[in-house]
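Since the structure comes first, as structure tokens, the remarks are kept for the end.
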Amino acid sequence: MHRARQHAETRTRERRRRLAHEAARLMAEGGIHDYHQAKLKAADRLGIHDDASLPRNREIEEALREYQRIFLGQAQAGAVRQRREAAARALEFFAGFEPRLVGPVLDGTADAGSPVLLHLHADDPDAVARFLEEHGIPAEPRGRRLRLDRERSFDAPVWVFSAEDLAFDLTVLPSQALRQAPLSALDEKPMRRASLAQLRQLLAEDEIAGYELSL
């Protein structure tokens, strides 16, 4: 009985690993940016449908980092660098809204199709719209539901526009959200985010790492 249980657990772990790597491949090659969508599509392709074999989002993220490192290398690193530099300029431009960089550009898993995701903070939800209009930036309004904590959700206004041949995605949050970031869909923990100073530090570290690799 014990051996049979061990065999079943080993098979489940292997299925999780296969699904995580297939989901990562779909995200890297197919332009899918939603972990849940990639997970379900991978399960359908591999014919694995038991819930116990479905990997967690963090497992897929780890597999995605590995895939990008092995198969995409400098091209993916260049996409991240380009977007981080553009994000720094955007954080400076939107300084009046206490902006923060979030998402794949910050985490280092961005690719050539990834938008620059920013959180802007304003108690007046129309303030960002007025700012964009004043600066002649045509932006498309959208919406996004975020979880502030395990009990509360928030329907946030979103503005999407293009600049420097890149897509920018601005989520407008109340000022109180500066104290604690919304929960990440990856692991239901507060999102990792970076201020302009923190992003500049990250860019400096990237530059040093790139220089060391070139030696």
Side-chain angles (χ1 to χ4, degrees), residues 23 26-41 57 60-61 64 79-80 82-196 198-199:
L26 290 170
M27 294 183 75
E29 296 181 0
I32 299 174
H33 294 111
D34 181 272
Y35 283 84
H36 184 68
Q37 180 185 353
K39 184 190 309 186
L40 295 182
K41 192 167 185 178
N57 291 337
I60 299 173
E61 184 188 44
L64 178 60
V80 171
Q82 177 193 20
R83 282 158 176 76
R84 284 178 175 174
E85 290 174 345
R89 292 187 286 274
L91 289 173
E92 190 170 10
F93 181 72
F94 290 108
F97 297 102
E98 298 284 354
R100 298 292 186 270
L101 174 65
V102 299
V105 174
L106 176 59
D107 296 337
T109 58
D111 56 32
S114 298
V116 178
L117 302 177
L118 302 181
H119 283 180
L120 274 54
H121 300 85
D123 290 325
D124 178 358
D126 296 324
V128 172
R130 290 196 301 269
F131 184 84
L132 291 168
E133 185 176 358
E134 288 167 4
H135 288 82
I137 301 173
E140 178 185 344
R142 296 184 185 175
R144 177 173 296 130
R145 171 154 286 218
L146 296 173
R147 295 181 65 191
L148 297 176
D149 52 40
R150 296 192 182 269
E151 286 79 36
R152 296 179 300 155
S153 295
F154 173 71
D155 290 317
V158 175
W159 295 95
V160 178
F161 66 92
S162 296
E164 303 183 30
D165 294 324
L166 298 174
F168 288 80
D169 180 306
L170 314 177
T171 300
V172 185
L173 299 169
S175 296
Q176 66 178 8
L178 274 168
R179 292 197 292 270
Q180 179 172 314
L183 301 185
S184 169
L186 276 176
D187 54 13
E188 296 190 344
K189 295 179 180 178
M191 290 182 187
R192 182 189 175 199
R193 54 188 180 177
S195 65
L196 177 57
Q198 291 167 329
L199 179 56

Any side-chain heavy-atom pair from S184 and K189 closer than 4.5 angstrom?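 The answer is no; the side chains never approach within 4.5 Å.
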
Note, P182 side chain near L173 side chain (heavy atom, < 4.5 Å):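 Side-chain contact under 4.5 Å: yes.
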
Which heavy atom in [X] sits nearest to a heavy atom in [Y], and how many Å separate them?
X	Y	answer
V105	R84	O-NE, 2.9 Å
L101	L117	CD1-O, 3.3 Å
V172	A156	O-CB, 3.6 Å
A87	V116	CB-CG1, 3.7 Å
R83	G113	NH2-N, 4.2 Å
S114	H33	OG-NE2, 3.6 Å

[X] side chain to [Y] backbone, donor-acceptor under 3.5 Å:
X	Y	result
D149	R152	yes
N57	A185	yes
D107	T109	no
Q198	S195	yes

Set out, in order, the CA-CA distance, both residues' side-chain angles and the distance that settles side-chain contact (heavy atoms from CB on, under 4.5 Å) for L118 and W159, then state yes or no. CA-CA 10 Å; L118 302 181; W159 295 95; over 6 Å; no

Above 12 or not: heavy atoms from other molecules or residues under 6.0 Å from CD of E29?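 Counting other residues, nucleotides and ligands, CD of E29 exceeds 12 neighbours.
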
Geometric class of the F97/F131 ring pair [parallel <30°, tilted 30-60°, perpendicular >60°]: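 Correct class here is perpendicular.
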
